[in-house]
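Please read the structure below before turning to the comments.
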Protein chains: 2
Amino acid sequence: MPNTRPATRTTIMDVARVAGVSRQTVSNAINSPERVRPETLSKVLQVVEDLHYRPSSAARTLRHQRAGAVGTELNAVAAQPSDIALPFLTALTLSATRHACHMVPFASKEAFPLLSGYQDMVRRRLVDAFVLTDTHPGDPRPAWLEEAGIPYASFGRIYDDPTRGYWADVDGAAGTKMAVAHLAETGYRTVGFLGWPAGSAVGDDRRAGWAQGVEEHDVAAGPAGSAPQSLPEAVRAAEALLDELSPGDAVVCASDVLALGVQQAALGRGWRPGADIGITGFDGSPVAQLHGLTTLTQPLNEIAEHLLTVVHDQLAGSADAAQGTLLLPTLDANNSTVITPKKGTS
Amino acid sequence: MPNTRPATRTTIMDVARVAGVSRQTVSNAINSPERVRPETLSKVLQVVEDLHYRPSSAARTLRHQRAGAVGTELNAVAAQPSDIALPFLTALTLSATRHACHMVPFASKEAFPLLSGYQDMVRRRLVDAFVLTDTHPGDPRPAWLEEAGIPYASFGRIYDDPTRGYWADVDGAAGTKMAVAHLAETGYRTVGFLGWPAGSAVGDDRRAGWAQGVEEHDVAAGPAGSAPQSLPEAVRAAEALLDELSPGDAVVCASDVLALGVQQAALGRGWRPGADIGITGFDGSPVAQLHGLTTLTQPLNEIAEHLLTVVHDQLAGSADAAQGTLLLPTLDANNSTVITPKKGTS
DNA sequence: CTGAAAGCGCTTACAG
DNA sequence: CTGAAAGCGCTTACAG
């Protein structure tokens, strides 16, 4: 009967009994070891080990009035979910262990995020706070959560008011600027740009970095084009760009899919990527890896760690601990930079 | 002070007070509505609504001795995580809501899954059960969990003994056979195969379906090749395959990346995919979508729903409810089929 | 049909 | 430094 559940589980009382101390002493040994005499401590800890005792998180939650969990929404409607959504969730999950908490994903089939989904999680004491992703101009969630007094931290700046809230983001401009520097160093003389249609905050930022880069480095500014995030359109836009370039030139792209478009257009005319033409993508996505593209990797582990720290500081009430951290650059060749905002007020 | 937490939350006592009944009546109204007089019931439910009351899941867990949560491991080490890992987790998360539970992801940086990771989650009462993914021959987890009496259900058959445990899987052979039928119908006359090197259970299964398909349908069997799951090697293997094929022929592939390799090799020699050469992938991954590949989509929602049902049946102790469900085919053009094993004993 | 009692497992003051 | 008390919020028997 493999599926029969054990009738009882090891509780703090079992540990106390075996160790010959009171249950409070066991609790102290675990939560305030400095209060327990060393011999007692080591004996208790040994029994904990022997019995594989782990405090019930439910009992802890009830007592602490804190779930010890952070929620995050999974996009269940996007036809093409973000390439880095899974790596980021994995990074959060790994960081959560270090913060003695766990992640609770949730999803809905509604086209737009629902405040009620967030509120329900908190009302049921399933989570204490949230990590937001895919923020965008007009995103209602930061205001909702602030209004409701629910702590959160965001991967992606809070566009409507970047001085508000706690967030970490990749410095897109710094990234594309680095890409230009990299291409200049490698020996390319003219560097063009393929981005998204003007008007997207992320896209404009990345384009600005390219513009700055070609100015500051010893390269000529090539043509700039744009295409939406779809491979056929990226290829078409890349064709137009390549018409104005020659072998020996390079293109910085605002995304890996766009870079893939350039790669395919180049292959189509017999130019060898990485030799006849330099190409850089952005995001460090699986697509880039699959196609061997040079790309700007987002430091997801650092971002996840930062956001969870910020969330915990808020929960602990130490508002200032979460402030500052203006710039947290990860400037090695393959990494983009992270910036977090300086909070004026809290 | 947006981050100040509310001093108190709405509890069952608040509802009782406002509704003018005892707290037990509120509990009954929620959990056993048939026990409450209709007028009382509707009054209580109205107050629940007004106050946005939600029972504390921690208190419920403590009382029920059940976490109401299912754990699932995120692969934190694979260089190239599975393309469908995120869509599947999303499907699980969505299904979990229907089952009144939630998913708790966990991850470790160890190269191999650790039994202790699974056990700890259960000892802390964080989860009641697990959903396994990426099962493979020699996978120690099913035996571990059975030994430990921890319920689980697996996406991917339990290779070492498919008659054991509860799992759901895509019928790979049926899928590739469907692909052959589709290509035959479309008018291709010779159908080759590109798979993984022999010896992988999944790969061999998919190849068998192709072999069966070319036998049963009015097409000639083309050459069969293999390559590991890497684009450059897929392209190389595809080149060899195309050397033996002519325009008007087709290739069934064991994965989307392999299909992409065929697509690129075809483009390289000026063959138009979908016209001069038929290509089918497998998995319905974002890569296939990006490159416009025909692919066999896995019915992830059905699989997730099935696994969670099976897990809950186990927890409820109704062993037989989880049995049977031998074949659950989703045979439309774009879907592969799901099979779940018939349990001999439980 | 409704209500008072007991207890799930833990930790935080508080008293010795 | 250690131990007895109270209570986090809920639900399941059980008694009215």
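Here is how names work: the chains are called A, B, and so on, in the same order as the sequence lines, proteins then strands, and each is numbered from 1.
Using a 4.0 Å cut-off, some side-chain N or O of B/Thr25 falls inside it from OP1 or OP2 of C/dG3.
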Donor-acceptor list for residues 43-53 of chain A side chains, cut-off 3.5 Å, not counting sequence neighbours:
| residue | atom | partner | partner atom | Å |
| --- | --- | --- | --- | --- |
| A/Lys43 | NZ | A/Ala19 | O | 3.3 |
| A/Gln46 | NE2 | A/Asp50 | OD1 | 2.9 |

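A/Glu34 is linked by a salt bridge (charged side-chain N to carboxylate O under 4.0 Å, His left out) to nothing, counting only residues two or more places apart in sequence or in another chain. B/Ser42 meets the side chain to side chain contact (heavy atoms under 4.5 Å, CB included) test with no other residue; sequence neighbours excluded. For B/Arg60, the side-chain hydrogen bond (donor to acceptor under 3.5 Å, both in side chains) partners are B/Asn31, not counting sequence neighbours. Under the side-chain hydrogen bond (donor to acceptor under 3.5 Å, both in side chains) criterion, B/Asp134 pairs with no residue at all, not counting sequence neighbours. Applying the side chain to side chain contact (heavy atoms under 4.5 Å, CB included) rule to A/Ser116 yields the partners A/Leu114; only residues at least two apart in sequence or on another chain are considered. Checked against side chain to side chain contact (heavy atoms under 4.5 Å, CB included), B/Thr135 has the following partners two or more places apart in sequence or in another chain: B/Leu132, B/Asp139, B/Arg141, B/Ser154, B/Tyr159.
Applying the ring-ring contact (aromatic ring centres under 6.0 Å, His included) definition to pairs two or more places apart or across chains, those involving residues 108-136 of chain B are B/Phe106-B/Tyr118, B/Phe106-B/Phe130, B/Tyr118-B/Phe130. Residue pairs meeting the salt bridge (Lys or Arg N to Asp or Glu O under 4.0 Å) criterion with at least one partner in residues 12-33 of chain B, sequence neighbours excluded, are B/Asp14-B/Arg17.
Taking a 4.0 Å limit (strictly below) on heavy-atom distances, residues 37-51 of chain A does not reach DNA chain C anywhere.
Annotated stems with DNA chain C as a participant read C:1-3 with D:14-16, C:5-12 with D:5-12, C:14-16 with D:1-3, given as range with range, by first number; only runs of 3 or more Watson-Crick or G-U pairs under 3.5 Å qualify.
The heavy-atom pair separating B/Gly71 from B/Val127 by the smallest distance is N-CG1, 3.5 Å.
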In B/S/- notation (B base, S sugar-phosphate only, - none; protein heavy atoms under 4.0 Å), nucleotides 6-16 of chain D written 5' to 3' is BBBBBBB----
